[in-house]
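The next block holds one structure in the form of structure tokens; read it before the comments.
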Amino acid sequence: MERSSGHTRMLMRSCLLAAAAAVASVMSTLPVSAADEVSQERLLNVDKEPGNWLHHHQNYSAHRFSTLKEVNRDNVKNLKVAWTMHLGGIEGGGIWSHGGLEGTPIAENGFLYVTDGWGSVYKIDAHGGRGALVWKMDPKTDRDWAGAVACCGVDNRGVALWGNLVISHTLDGRLIATNKETGQVAWQRTVADPDKGEVITGAPLIVKNMAITGVAGAEYGIRGWIAATDLSTQKEVWRTHTIPGKGEPGSETWKDSNNAAAAGGGSTWVTGTYDPATDTIVWGIGNPGPDWDNAYRPGDNLYTDSSLALDATTGKIKWHYQHTPNDPYDYDSVAENVLVDVPGPSGPRKLALEADRNGFAYAIDRTNGKFVWGLPFVKKVTWTKGLDPESGKPIEYDPNKSVQAYIASVTPSRTNMETHICPGNMGGKNWPPTAYNPDLKLWYIPVIESCNRIKVEVMTPDKLKPREFWTGGGPSQPFKITGSVTAIDVTTGKIAGKMETPFPNLGGILATPDLIFTGQPSGEVMALDAKSLQKLWEFNTGGGVNAPPMTFTVDGKQYVAILVGLGGAWDKWFIDATPELKKIQPGSMLYVFAL
Amino acid sequence: MMIFDRFPVAAGTLLASVVALNFSMLAAAYGQSAQAPTSDPTNAGKAVFGKANCMGCHKWHGNGGGGYGGDALSLRKTDLTRDQIIEVVGCGRPGTGMPFFTRGAYDEVKCHDMNRQDAGAQMPPEGGMFLRSKDIEAVADYVIAHIKGAGEPTYAECIAFFSSSSRVCDVYKTQAQKPDDATASRGKGQ
């Protein structure tokens, strides 16, 4: 494949960036409209400002539902590109040849705040039907340091707003507060340590003057945590490890003599949710490590593969619900827990919904962590016959066994060193977020319909080294992987519809009153009917969609925005399952649509 | 010659990443050659190691290691000779993720006495760029001189490889080399 123009293109990109920087410096000297300060009051009441998108997941409950309906079922066919903006962050670093875009834009009063994979923050003025860069904050991420221990791409999923600050993370472990008006860094604090294999890809969650940070690195032998930083004092308020320390409750679920818990994984790299009624943060916890050699870490391995509820003020664990005990599949449960209230037989039910890498969707009673219902949302599951209707545990789960085999003939293990497994280790459903329509009570899952091949490597303590993979094997991709949007009726816990797609859904979903928006890594952004999932509109961006759509208003007009630039884990590790995507070029672009 | 990886990955795993690498690493290679000291005759090979993204799987230190992409061979522990390394870089390793870097391999240039049809499903992926035989010899010389048989990676080696201000090498510092304020100094200033 000839790429002789590559160097020229690189030079052009530098020129463009320089031009953008020049524009930014001019703009920053001009007065920009004074934005309101973001307060807890506003974050709790985002329904009062439907034209803004203030939370990473739209609201504290992660509904990713907008009530805006200027764009609707009847007119969405007329949706067109309003404007676009090229961003940066495509550079490689560490083991990565290029960055990608996985972020959700934040919108406030006609300004967008977006990030690229290396954590640069862009403030864009969206007034007047076009986008103008106001400023760019480049955190100068240490690319070789962080990129070498980022298992799954050069990723940054976006910012949060607080007071007059834009709060963001960097892959190399920093929490950064940037002045919203000037783009100057107000302060920064190191939260994660790439020397330990820790990196940060998720957007911060803001709760009561604290920034909540999650960490990635379960493939590099980290011990996961969730940390809260006081945004006034810049000091840590609490840090709760997702794997209990010696003697703490749950430590008995690590039964080995290798001290596996100390490097046991349990990442937290997807932004969680918050229930203000009980002051509870609900956060998804990632896989145990080593991923595929579960005999190295006998026991259930709490709190890996769990939904974890924390007291927001203290970080204390309130309850947990584990989906795949002693996981031998890399089926993490890092996904967002969507908080919904639905009518139940004895009054309203307060649920936390999670679509797991293991192929099952779960509803948990978020007041106590008890299982309510669960069902497979993928077409093919081979690792278990199903969930126990009472406990929600896989039917084959045996609490008396310290190493779980589930359906042993397909499960990776020391006696089954090469095997095919469905879902594959990407899921199911990965980080791309679901959306929930509270009127229709429909929950939309961006699905990876997959199987893959796993080879097991038996791990020994001497193989555990700082900043080196700690996976106990690895996947390969002999099977074609496709995708779907699958809708679940939350009142019944049944599948209400499935719209199959040729490629896995690597971007996530936006819901509006009668539509949903989503994309494909082959480039298409599309709108579907919220009930029938029939495709009503499609636009090919010419890049790979690897980020969720969102919507906002400016000057009284509704826009739909999405970042486009295929990166992440897929095009390095999983591309063989989607060979057509090999022709998708790296890119970095914001698309904004309007009628 | 079938001294392949401990668990080879399906052919093609690395193709797209390596393909995509092309333009960014070209720029890196330009910068690198400008900075590198001219005294070491294997510097040209080191530049190839970077620009062809050998480090994407084998890592900068050559030890490879398991993970999502499967287990790339440890070039530090390898028994391969210079000639064998040249063959593997040129032809890839059938049945694994190790790409071939010779233009026309398995077509007009026979590899392991096979063409594309003979290789079938074992056909290795195509590298992100093609290397001239001079470049392949250079990278083999670099591996032989600096990586093969080198034991565990050291701080000095890491600094020599990156010659940058990145903290990528800090983890290889011995305790004595680490300043007391290493942690405290992080996160201050820009």
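Numbered from 1 within each chain, the chains take letters A, B, ... in sequence-line order. As the structure is a prediction and not an experimental result, all values here were calculated from the model.
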Select one option (side chain, backbone, both, neither) describing which atoms of B/His58 are under 4.5 Å from chain A's heavy atoms.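 Interface part for B/His58: neither.
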Can you say whether the rings of A/Trp292 and B/Tyr68 are parallel (under 30°), tilted (30 to 60°) or perpendicular (over 60°)?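 Rings of A/Trp292 and B/Tyr68: tilted, 30 to 60°.
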Would you indicate whether B/Glu108, at its atom CD, is surrounded by more than 12 heavy atoms from other residues, nucleotides or ligands within a distance under 6.0 Å?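 For B/Glu108, atom CD is crowded (more than 12 foreign heavy atoms under 6.0 Å).
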B/Lys110 atom NZ, over 12 foreign heavy atoms within 6.0 Å: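 Enclosed: over 12 neighbouring heavy atoms sit under 6.0 Å from NZ of B/Lys110.
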Could you report the tightest heavy-atom contact between [X] and [Y], atom names first, then the distance?
{"X": "B/Gly67", "Y": "A/Pro475", "answer": "O-CD, 3.9 Å"}
{"X": "B/Val171", "Y": "A/Pro466", "answer": "CG2-CB, 3.6 Å"}
{"X": "A/Asp144", "Y": "B/Val168", "answer": "O-CG2, 3.6 Å"}

Donor-acceptor contacts under 3.5 Å from residues 129-140 of chain B side chains, at least two apart:
none

Under 4.5 Å from any heavy atom of chain B - which part of A/Lys196: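 Contact with chain B is absent: no heavy atom of A/Lys196 under 4.5 Å.
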Please classify the contact between A/Asp142 and chain B as side chain, backbone, both or neither, with a heavy-atom cut-off of under 4.5 Å.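 Just the side chain, heavy atoms under 4.5 Å.
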Quick one: pull up OG in B/Ser165 and NZ in A/Lys140 and give me the separation to the nearest 0.5 Å.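 Rounded to the nearest 0.5 Å, the OG-NZ separation comes to 11.5 Å.
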What I'd like to find out is whether the side chain of B/Arg167 reaches to under 4.5 Å of the side chain of A/Asp172, using heavy atoms alone.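 When only atoms from C-beta onward are counted, A/Asp172 and B/Arg167 do touch, with a gap below 4.5 Å.
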Answer whether the closest heavy-atom distance between the side chains of A/Arg467 and B/Lys59 falls below 4.5 Å.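 Of all side-chain heavy-atom pairs linking B/Lys59 with A/Arg467, none is under 4.5 Å.
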